[in-house]
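Taking it in order: structure first as structure tokens, then the write-up.
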There are 2 protein chains.
Amino acid sequence: MLTIKRLAEYVGVTVRAVRHYHQTGLLPEPERDSSGYRRYDAQAIVDLIRIKTMAEAGTPLPRIQELMTADPAHFAEAVAEIDAALERQIDELRQRRTRLADLVGGDRLFLPAEIADYLQQLRELGVSERGVRMERDGWIMLTANYPDTALEWIALKREQLADPAFREFYLTYDRAYDWRPDDPRLDALADVMAERLRQEARATGVETARMTIQETVSKDEQALLATHVSEYSPAWIRLNELLRQRVSA
Amino acid sequence: MLTIKRLAEYVGVTVRAVRHYHQTGLLPEPERDSSGYRRYDAQAIVDLIRIKTMAEAGTPLPRIQELMTADPAHFAEAVAEIDAALERQIDELRQRRTRLADLVGGDRLFLPAEIADYLQQLRELGVSERGVRMERDGWIMLTANYPDTALEWIALKREQLADPAFREFYLTYDRAYDWRPDDPRLDALADVMAERLRQEARATGVETARMTIQETVSKDEQALLATHVSEYSPAWIRLNELLRQRVSA
DNA sequence: TCGAAGGTTGACGCTGGGTCAAGGTCCAGC
DNA sequence: GCTGGACCTTGACCCAGCGTCAACCTTCGA
């Protein structure tokens with residue numbers, strides 16, 4: 001006959017757990033000796049090991065209680081289910097490991113692969129961290145609100161980025177952030193931007209698919225840009241003014 | 001800008017969880033709009049996904065909070081730790097699957113392999129379920145109290161079981177359980193048992209190793225047998241009497 | 001204009017025990 | 001025979017990480 005501590009130690013659970021199982025009726029209370037101590041027999045060991053094994057496998061205690069009195073066929077069936085659940089858990093843990101890997105370094109956790117690739121291209125191009133982060137945040141919001149549209153649009157952006165002239169322009173625009181608002185280069189940049197806008201307008205006039213996208217997005221784009229207007233530098237604000245002059249003209 | 005539900009849905013957590021993170025300070029409370037609704041930006045999505053990823057990997061929320069403001073080097077180190085923990089969890093789940101398999105059919109979960117094998121041999125020999133269970137319970141208690149001794153003793157038992165004459169005797173003894181106490185076959189059985197005891201006494205007189213084991217165990221054996229005396233049948237009680245007559249003689 | 005859907009705070013509930021507190025018992029060594 | 005330390009008893013509160021009401025306010029599409 002065993003005391004509660006010997007039982008718990010042999011099976012590998014805590015004394016508190018055993019008492020908890022008694023309280024909930026999962027493990028029957030054993031006889032007491034003359035001093036009121038619980039005295040356990042071999043069946044208690046068998047029961048407790050079964051309980052422990054199933055509990056460790058994630059089975060809720062009430063479910064274990066059901067199974068302790070189930071016939072062998074039902075029991076085997078339930079164990080098979082528990083085993084399948086364990087297998088699923090293992091698969092999930094594996095997936096979590098891969099996602100965890102994306103935590104350190106990379107936007108792959110927050111964005112579809114295409115967009116994360118695009119951001120990576122920007123970095124490799126030499127775009128500032130600030131610039132990349134503004135892009136990233138914009139794409140995140142866009143993806144959260146219109147995932148399909150975001151994917152269509154990113155395809156266009158990556159096409160653009162294949163053009164060396166556009167890359168040149170993008171870099172300049174990125175650097176202009178830190179210029180002084182009276183920097184004369186801003187005028188030249190505004191010229192380039194206006195020309196690009198005009199070309200794009202002609203292109204979208206022809207290609208209806210792109211037109212649709214532009215229309216769908218334009219409202220949100222406004223909203224997205226507005227989100228970050230507070231982060232605009234004096235140079236960019238000035239650039240906006242210059243641009244508006246040229247476009248409205 | 002997102003409402004709490006859109007945020008939660010996009011990231012894949014519940015609204016309640018987001019609010020919980022706000023309460024504990026894990027995720028900063030965002031600005032409210034004019035009606036008091038929370039409005040989330042892209043950074044909230046990034047933060048929440050990081051939180052979710054680490055939380056799913058089993059990281060306690062306070063620990064996550066520490067890591068959210070940690071520098072990249074410390075963060076990467078911590079993520080490596082979390083990943084290692086995940087790996088250990090996967091290994092443990094695998095082990096639990098194997099132990100779970102022993103739950104259905106078999107005593108391997110409760111007893112060392114040698115003893116489980118011995119019980120299996122008894123079953124194959126044709127010993128009654130009751131008999132096997134009495135043996136099992138005895139071995140469990142013995143193993144719980146004196147694991148080393150149990151292993152030494154089981155070796156002897158398995159040797160005995162290799163002897164066809166002993167197997168024959170064991171089976172008869174097992175079946176005698178259900179005989180009537182005045183069954184004349186009990187006398188013959190008592191003769192055989194007495195003879196066996198005498199032989200064993202001579203053997204243990206020679207082999208000191210076995211002697212030691214017998215001595216060590218004898219007290220506990222008494223206790224163990226006493227445990228199950230209540231389960232003795234009338235025939236077995238009678239057999240005990242007959243045996244005592246012959247041995248004391 | 002109205003009802004459904006979504007937002008707000010606040011409070012209690014749940015699992016599976018951990019961790020005191022305040023005693024009563026057992027046993028080994030002196 | 002006594003004492004100290006390990007063990008037993010019940011009872012109570014505490015924890016994470018949310019789930020789940022309740023009671024009320026706001027927004028939005030038909």
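Residue numbers begin at 1 in each chain, while the letters A, B, ... track the order of the sequences.
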Residues which pass salt bridge (charged side-chain N to carboxylate O under 4.0 Å, His left out) with Arg97(A), listed by chain and number, not counting sequence neighbours: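 Partners of Arg97(A) under the salt bridge (charged side-chain N to carboxylate O under 4.0 Å, His left out) test: Asp83(B), Glu87(B).
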
Set of residues satisfying salt bridge (charged side-chain N to carboxylate O under 4.0 Å, His left out) with respect to Arg50(A), sequence neighbours excluded: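 Salt bridge (charged side-chain N to carboxylate O under 4.0 Å, His left out) list for Arg50(A), sorted by chain: empty.
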
Contacting residues from residues 44-66 of chain B, given that a heavy atom lies under 4.0 angstrom of DNA chain C: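 Those residues whose heavy atoms fall under 4.0 Å from DNA chain C, taken from residues 44-66 of chain B, amount to none.
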
Contact residues, residues 20-39 of chain B to DNA chain C [heavy atom, < 4.0 Å]: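 Hits under 4.0 Å, by residue number: Arg32(B), Gly36(B), Tyr37(B), Arg38(B).
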
Which residues pass the side chain to side chain donor-acceptor pair (under 3.5 Å) test with [X], not counting sequence neighbours?
X: Arg19(A); answer: none
X: Asp148(A); answer: none
X: Ser35(A); answer: Asp33(A)

For [X], enumerate each residue passing the side-chain contact (heavy atoms from CB on, under 4.5 Å) test, keeping only those at least two apart in sequence or located in another chain.
X: Glu92(B); result: Arg96(B)
X: Asp91(A); result: Arg94(A)
X: Gln89(A); result: Leu86(A), Leu93(B)

Whole-Å gap separating P (dC28(D)) and CZ (Arg6(B)):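 These atoms are roughly 13 Å apart.
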
Atom-to-atom span, NZ of Lys5(A) to P of dC7(D) - whole angstrom: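 Going from NZ in Lys5(A) over to P in dC7(D) covers 4 Å.
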
5' to 3' contact window, DNA chain C with chain B (heavy-atom distance under 4.0 Å):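 First and last nucleotides in contact are dG6(C) to dA11(C).
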
Residues that Tyr118(B) engages under ring-ring contact (aromatic ring centres under 6.0 Å, His included), provided they are two or more places apart: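 Tyr118(B): ring-ring contact (aromatic ring centres under 6.0 Å, His included) contacts with Trp139(B).
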
Polar side chain donor-acceptor pair, Thr14(B) to Arg16(B), under 3.5 angstrom: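 No.
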
Upstream residue (5' side of DNA chain C) when Thr14(A) and Glu9(B) are each assigned their closest nucleotide: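 Whichever sits nearer the 5' end wins; that is Glu9(B).
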
